[in-house]
Protein chains: 2
Amino acid sequence: MCIMGVMNLLQTAGPAVDASCCVPSSKPALSVEEAQRKALVFKALADPNRLRLLSIVKAEESGESCVCDLTEPLDLGQPTVSHHLKILVEAGILHREKRGTWAYYSLVPGALDDVAGILSAL
Amino acid sequence: MCIMGVMNLLQTAGPAVDASCCVPSSKPALSVEEAQRKALVFKALADPNRLRLLSIVKAEESGESCVCDLTEPLDLGQPTVSHHLKILVEAGILHREKRGTWAYYSLVPGALDDVAGILSAL
DNA sequence: CAGCTATATCGATGGATGTCAATCTATGTG
DNA sequence: CACATAGATTGACATCCATCGATATAGCTG
C-alpha cells in the first residue's frame, strides 16, 4: 500500500486525499499452486533448443521424429536432446512412442493451443 | 542419422532396407537467433510470481497497477517485484509509465496474443 | 548368447536466475 | 533545504538448469 507520508491524516480536502497511488482491487490473483503449474509449461518452452525441437517435430510430414534425426540439426549431444525431449513430454507438449529400437516423438494434439489458452485466461 | 549396423550393405531385399528410423526431412528448423529471441518471451513467463503479477495487472479495472500494490499480494520484497516487472517490460509484455512518485504497469495491448502467435507459428 | 545400435539415465560442472539487504535516485512535503 | 517515500539498482548468495562424458538399458542381428 502507498501511504505517502502521514497523508494529512485527518485533513478534509486537498489533493493529498487522492495521493494514494491506486486502489488495491484485492481480486484474488492466480493461486500459488496454479501459477506454479502453469509456469512449468512455460519453463518447458523457455529454451531455444526446445523451441527448435518443437519446430522440427511440427514440420515433419509424418508428424513424428526420432531422436537420431533431432540430434544433428541442433548440434547437441544425444543425452542433452533426450533431456530436452523428456522435459517437453513431462510438460504435456510432446508424446513419446517407442517402436522397436527407436523412439518417436510427436506433438500432443491441441497442446500448443492449450498453452495459448493459459495466456488468454490469465 | 540411423544406420542400424551395416544394414546389409548390398542386400537386395528384406526388412533391413526399411530399417532406417525415418527420413530427416531436412527442412530448415527455427534459426538459432530466432529461437533465442522467442525463448526470451517464454522465459519471462516461466516464473510463477511473474504469472501472478500479470494476472493481477490484467484483473485491475483501470488496466494498470503500481508496484506498491503488487508487492503485498505476492509476499515478495520490493526489489524482487521490481526485478520481475523489469523482465516483463523487457519481454515486451508490460508497459511502464511513471507518473509523479509512482510507477504504473499495464499490459501491452496484444502482447499476449503475440505470444500465442509464436506458438502457432512454430 | 555375443555384439552392435538407439536411447535413457547418472554425476559433475559452469552458468543463469530468484531472492534479499543495502543503497541510490527521484519525487513530493514542510 | 531537510526529510520522507516510491521505486530502481547493486552485490551477494543459494538454487536451478543446460550441457557433457560415462554408463546403463533395450532391441536387433548374426
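Chain identifiers are assigned alphabetically (A, B, ...) following the order of the sequence lines, protein sequences preceding nucleic acid strands; residue numbering begins at 1 within each chain.
Rounded to whole Å, atom C1' of C:dT9 lies 14 Å from atom CG of A:Leu85. Taking atom CG on B:Leu88 and atom C1' on D:dG7, their separation rounds to 16 Å, with Å as the unit. We find that NZ of B:Lys86 is positioned 16 Å from P of C:dT19, with the value rounded to whole Å. When rounded to the nearest whole Å, the span between CH2 of A:Trp102 and C1' of D:dA26 equals 13 Å. The CD-P distance, from A:Gln36 to C:dG18, rounds to 14 Å in whole Å. For A:Phe42 and D:dC16, the CZ to P distance is 22 Å, given to the nearest whole Å. For the pair B:Glu72 CD and D:dA6 C1', the computed distance is 16 Å after rounding to whole Å.
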Kindly give the atom pairs (protein nitrogen or oxygen, nucleotide nitrogen or oxygen) under 3.5 Å for nucleotides 11-14 of chain C.
none

Please write out the pairs of protein N or O atoms and N or O atoms of nucleotides 17-21 of chain D separated by less than 3.5 Å, giving the distance to one decimal.
{"unit_1": "D:dA18", "atom_1": "OP1", "unit_2": "A:Arg50", "atom_2": "NH1", "d": "3.3"}
{"unit_1": "D:dA18", "atom_1": "OP1", "unit_2": "A:Arg50", "atom_2": "NH2", "d": "2.8"}
{"unit_1": "D:dA18", "atom_1": "OP2", "unit_2": "A:His83", "atom_2": "NE2", "d": "3.4"}
{"unit_1": "D:dT19", "atom_1": "OP1", "unit_2": "A:Asn49", "atom_2": "ND2", "d": "2.6"}
{"unit_1": "D:dT19", "atom_1": "OP2", "unit_2": "A:His84", "atom_2": "NE2", "d": "2.2"}
{"unit_1": "D:dC20", "atom_1": "OP2", "unit_2": "A:Gly77", "atom_2": "N", "d": "3.0"}
{"unit_1": "D:dC20", "atom_1": "OP2", "unit_2": "A:Thr80", "atom_2": "OG1", "d": "3.0"}

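Looking only at distances, no side-chain donor or acceptor of A:Arg50 sits under 3.5 Å from a matching main-chain atom of A:Ile87. A donor-acceptor pair under 3.5 Å links the side-chain atoms of A:Ser55 to the main chain of B:Leu30, judged by distance alone. A donor-acceptor pair under 3.5 Å links the side-chain atoms of B:Lys43 to the main chain of A:Ala46, judged by distance alone.
A salt bridge links B:Arg99 with B:Glu97: the distance from a Lys NZ or Arg NE/NH1/NH2 to an Asp or Glu carboxylate oxygen falls below 4.0 Å. Ion pairing of A:Lys38 with A:Glu34 is present here, as a side-chain N (NZ or NE/NH1/NH2) and a carboxylate O approach within less than 4.0 Å.
By the rule that hydrophobic residues join a cluster once side-chain heavy atoms approach within less than 4.5 Å of another member, A:Ile118 and B:Leu112 end up as members of one cluster.
Between A:Tyr105 and C:dA6 there is no side-chain N or O to OP1 or OP2 distance below 4.0 Å. For D:dA26, neither phosphate oxygen OP1 nor OP2 lies less than 4.0 angstrom from any side-chain nitrogen or oxygen of A:Lys98. Distances shorter than 4.0 Å separate none of the side-chain N or O atoms of A:Tyr104 from OP1 or OP2 on C:dA6.
B:Arg99 comes within contact range of no nucleotide atom at all, as no heavy-atom separation falls under 4.0 Å.
Closest non-hydrogen pair, B:Leu54 versus B:Leu107, comes out as CD2-CD2, 3.9 Å. Considering all non-hydrogen atoms of both residues, B:Arg52 and A:Ser31 come closest at NE-C, 4.1 Å.
To the nearest 0.5 Å, atoms CG (B:Leu45) and CG (B:Leu40) are separated by 11.0 Å.
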